[in-house]
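One-based numbering, in listed order, for ligands and for the atoms of each. All values below were derived from every heavy atom in this structure, side-chain atoms included, with hydrogens, water molecules and symmetry-related copies excluded.
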Amino acid sequence: MIELIVLDFGSQYTQLVARRLREAGVYTEIYPYFTPAKDILAKKPKGLILSGGPASVYAKDAYRCASELFEANLPVLGICYGMQLLVDTFGGAVKPAKAQEFGKAHLELLEPHPLLEGVENASVVWMSHADKVESLPPDFKTLAKSANAPFCAIAHATKPLFGLQFHPEVVHSTQGAQILKNFALKICGCRPNWDMQAFVAQEIAKIQEQVGKDRILCAVSGGVDSSVVASLCYKAVGAQTEVVFVDHGLLRLGEKEQVVQMFADLKIPLHVVDASDLFLERLRGVSAPEEKRKIIGWTFIEVFEKKAKELEQGGKIKYLAQGTLYPDVIESVSVKGPSKVIKSHHNVGGLPERMDFVLLEPLRELFKDEVRALGAQLGLPEKMLKRHPFPGPGLAIRILGAVGYDSLELVRQADRIFIQALHEAKLYDSVWQAFCVLLNVRSVGVMGDNRTYDNTLALRAVCASDGMSAHFAPLPFEFLESVANQIINEVKGINRVVYDITSKPPGTIEWE
Ligand code: XMP
C-alpha cells in the first residue's frame with residue numbers, strides 16, 4: 001500500500017525525498033507532476049509531497065500539478081519550488097530573489113508545530129533557490145525563517161498545507177529527515193512498516209505480475225547491481241529467467257571463476273559465453289578511448305544477440321532485465337532533458353534500441369547502498385556485495401593505448417597485488433573504487449646492477465558516494481610505498497609506480 005506520493009517537478013533531489021521516507025519505513029512512490037489527479041487519488045495516498053524543480057512559478061509555462069489535488073483535503077508538503085507553487089496557487093507572491101540563496105542557512109523557529117517537532121533552533125538547513133516568496137497567501141503563517149528567507153517553513157492555519165523553502169532531503173539539512181518523518185507520521189498518519197524485506201516481496205510480486213508466463217533475459221557482469229537483479233528475477237519467476245555472463249577477456253584475475261561460483265552457490269543457472277578472442281581480435285591495434293569503448297559496446301551486443309537467439313529456440317524472450325540504478329537515470333529522466341555524453345558508457349542499456357525487448361529495471365529507484373542492503377536480503381555473499389564497481393569495458397579502459405594479451409596480464413597481476421594489499425590493510429571498504437592503470441609510458445630504471453626500460457603503472461583509489469563526483473583517496477604513504485615495491489618486484493615489465501591524486505571533476509574516475 002502506498003503511503004505517500006511525491007510529485008516530481010524536476011529536482012535533482014526528488015529521489016532523495018523518497019529515500020529519506022523509505023529510511024523512516026514509509027512506502028513512497030514518485031510520479032511526474034503532470035499525472036492526472038484521478039490517477040493519483042486512486043492510489044489513496046495519505047499525503048503528497050511536491051518536489052523542488054528548476055522552473056519559476058511565475059513563468060508562463062511553469063510546471064503545475066492538477067489543482068484538484070489541493071481540494072482533496074490531503075496533507076500537502078511543498079519543498080522549494082513545491083512551496084512556491086503552493087504560495088502562488090493560494091494567492092501569495094513569488095519573485096526572483098535579489099540575492100540567490102545556495103548552501104547553508106540556520107533555521108530560526110518562530111512557533112512550535114508538529115512538522116518541526118524535535119528540530120532544534122538554529123539547526124542547519126540547505127538552501128538552493130533563485131526565487132523567493134515575497135508574501136504569503138491569506139491564512140498561511142510562518143513557522144520558521146532564516147537570515148535570507150523570511151518564509152522558511154510555512155503552514156496554512158486550518159488546512160493541511162505546508163511548505164519548506166529549504167531541502168530537508170539532503171544530508172546537509174541536519175534535521176531534515178526528522179521533518180520529513182514528522183510530516184509522514186505525525187501529519188499524514190502513515191504507517192512506518194516498509195523495509196527491505198517488504199521491498200523484496202513487493203518487487204517479486206511486481207515482476208510476477210508483469211512477466212506472467214513470459215521469459216526474461218538477464219545479463220550479469222558479476223557486479224552487485226546485475227547480480228541482485230538476476231537473483232530477484234530468479235526468485236520471482238524461476239527458470240523463466242535466463243542469466244547470461246559474457247567473458248570479454250577484459251576481466252580481472254579469477255573474476256570469471258568467482259562469478260560462476262557465486263551463481264552456483266545461489267543455485268541460479270548461468271550461461272557463460274567465452275568471447276575473449278573475438279573481443280581482443282577486434283581491439284587489436286586500436287588505441288583511441290572512445291573507439292575502444294564503442295568496439296566493446298557493439299561486440300557485446302553482437303555476442304549477446306547471438307546468445308539470445310540461441311536461447312529463444314526455447315520460446316520467445318520478451319523481457320530484458322538490467323541493473324539500472326537511480327544515479328544512472330538521474331540526469332536523463334524526470335522532467336529535464338538528457339545530460340551531455342562525457343563517455344559512452346557501455347552497459348546493456350545500449351541493447352533495447354536494437355533488440356526487441358521490454359525493459360525490466362527493478363533497481364531504478366534505489367541508491368547503491370540500498371542495492372547492497374537488498375542483495376544482503378536476497379542472500380548474496382557479503383564479499384560480493386562490498387565489491388568495488390567494475391566498468392563494463394573492463395581492463396580495456398585501464399590500459400592506455402592498444403590492448404593485448406601481454407598488457408592485460410601485467411595489469412591483472414598488479415591489480416591483484418593492490419587489491420589484496422587493500423584488504424590486508426583493512427582499507428578496501430574505505431574507498432569507493434581502487435584499481436591499476438597501465439600507462440602507455442616506458443621509463444628508465446635500475447634494478448640490481450642492470451638498467452631497465454619498462455612500463456609505468458598508476459594506482460588509482462577514490463572516495464565517492466555515487467561515482468558522479470569523487471575525491472582521490474588519501475591512502476597512507478607507507479601503504480603506497482609497500483604496494484609499489486611489491487608490484488615492481490613481482491610483476492616483470494613494470495619498473496615505476498605512480499599514485500593518481502586527481503579528483504572528479506576535473507578528472508574522471510577511469511582514465512579512458
Ligand atoms: P568515470 O570514469 O565516468 O566513472 O568517472 C564513473 C563510474 O562509472 C564506472 N564506469 C563504467 N561503468 N560501463 C560501466 O558499467 C562503463 O562504460 C563505465 N565507464 C566508467 C567507473 O568505473 C566508475 O565507477
Atom NZ of K213: over 12 foreign heavy atoms under 6.0 Å: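 Atom NZ in K213 is not crowded, with 12 or fewer foreign heavy atoms closer than 6.0 Å.
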Heavy-atom count check: over 12 atoms from other residues, nucleotides or ligands less than 6.0 Å from I2 CD1?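 It does: I2 CD1 has more than 12 such atoms within range.
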Which donor-acceptor pairs under 3.5 Å do the side chains of residues 470-482 make with protein atoms, sequence neighbours left out?
none

May I ask you to list the atoms of ligand 1 that are less than 4.0 angstrom from any heavy atom of [X]?
X    : answer
T508 : 1 (P), 2 (O), 5 (O)
W432 : 24 (O)
P393 : 13 (N), 16 (C), 17 (O)

Less than 3.5 Å apart, any donor N or O on the side chain of S221 or S226 sitting next to an acceptor on the other?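 S221 vs S226: donor-acceptor pair found between side chains.
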For residues E257 and Q261, is any side-chain donor paired with an opposing acceptor at under 3.5 Å?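 No, no side-chain donor-acceptor pair sits under 3.5 Å.
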Geometry only, no angles: is I509 polar-contacting ligand 1 at N/O separations under 3.5 Å?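 Indeed, backbone or side chain, I509 has an N or O that close.
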Under 3.5 Å: N/O of P389 near N/O of ligand 1: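 No, no N or O pair falls under 3.5 Å.
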For ligand 1, is R293 a contact, meaning one of its heavy atoms is under 4.0 Å away?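 R293 counts as a contact of ligand 1 under the 4.0 Å cut-off.
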Is W511 in contact with ligand 1, taking contact as a heavy-atom separation below 4.0 Å?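 No heavy atom of W511 comes that close to ligand 1.
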Only one of K256, K307, R252 forms a salt bridge (Lys or Arg N to Asp or Glu O under 4.0 Å) with D247, so which one is it?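 Among K256, K307, R252, the one meeting salt bridge (Lys or Arg N to Asp or Glu O under 4.0 Å) with D247 is K256.
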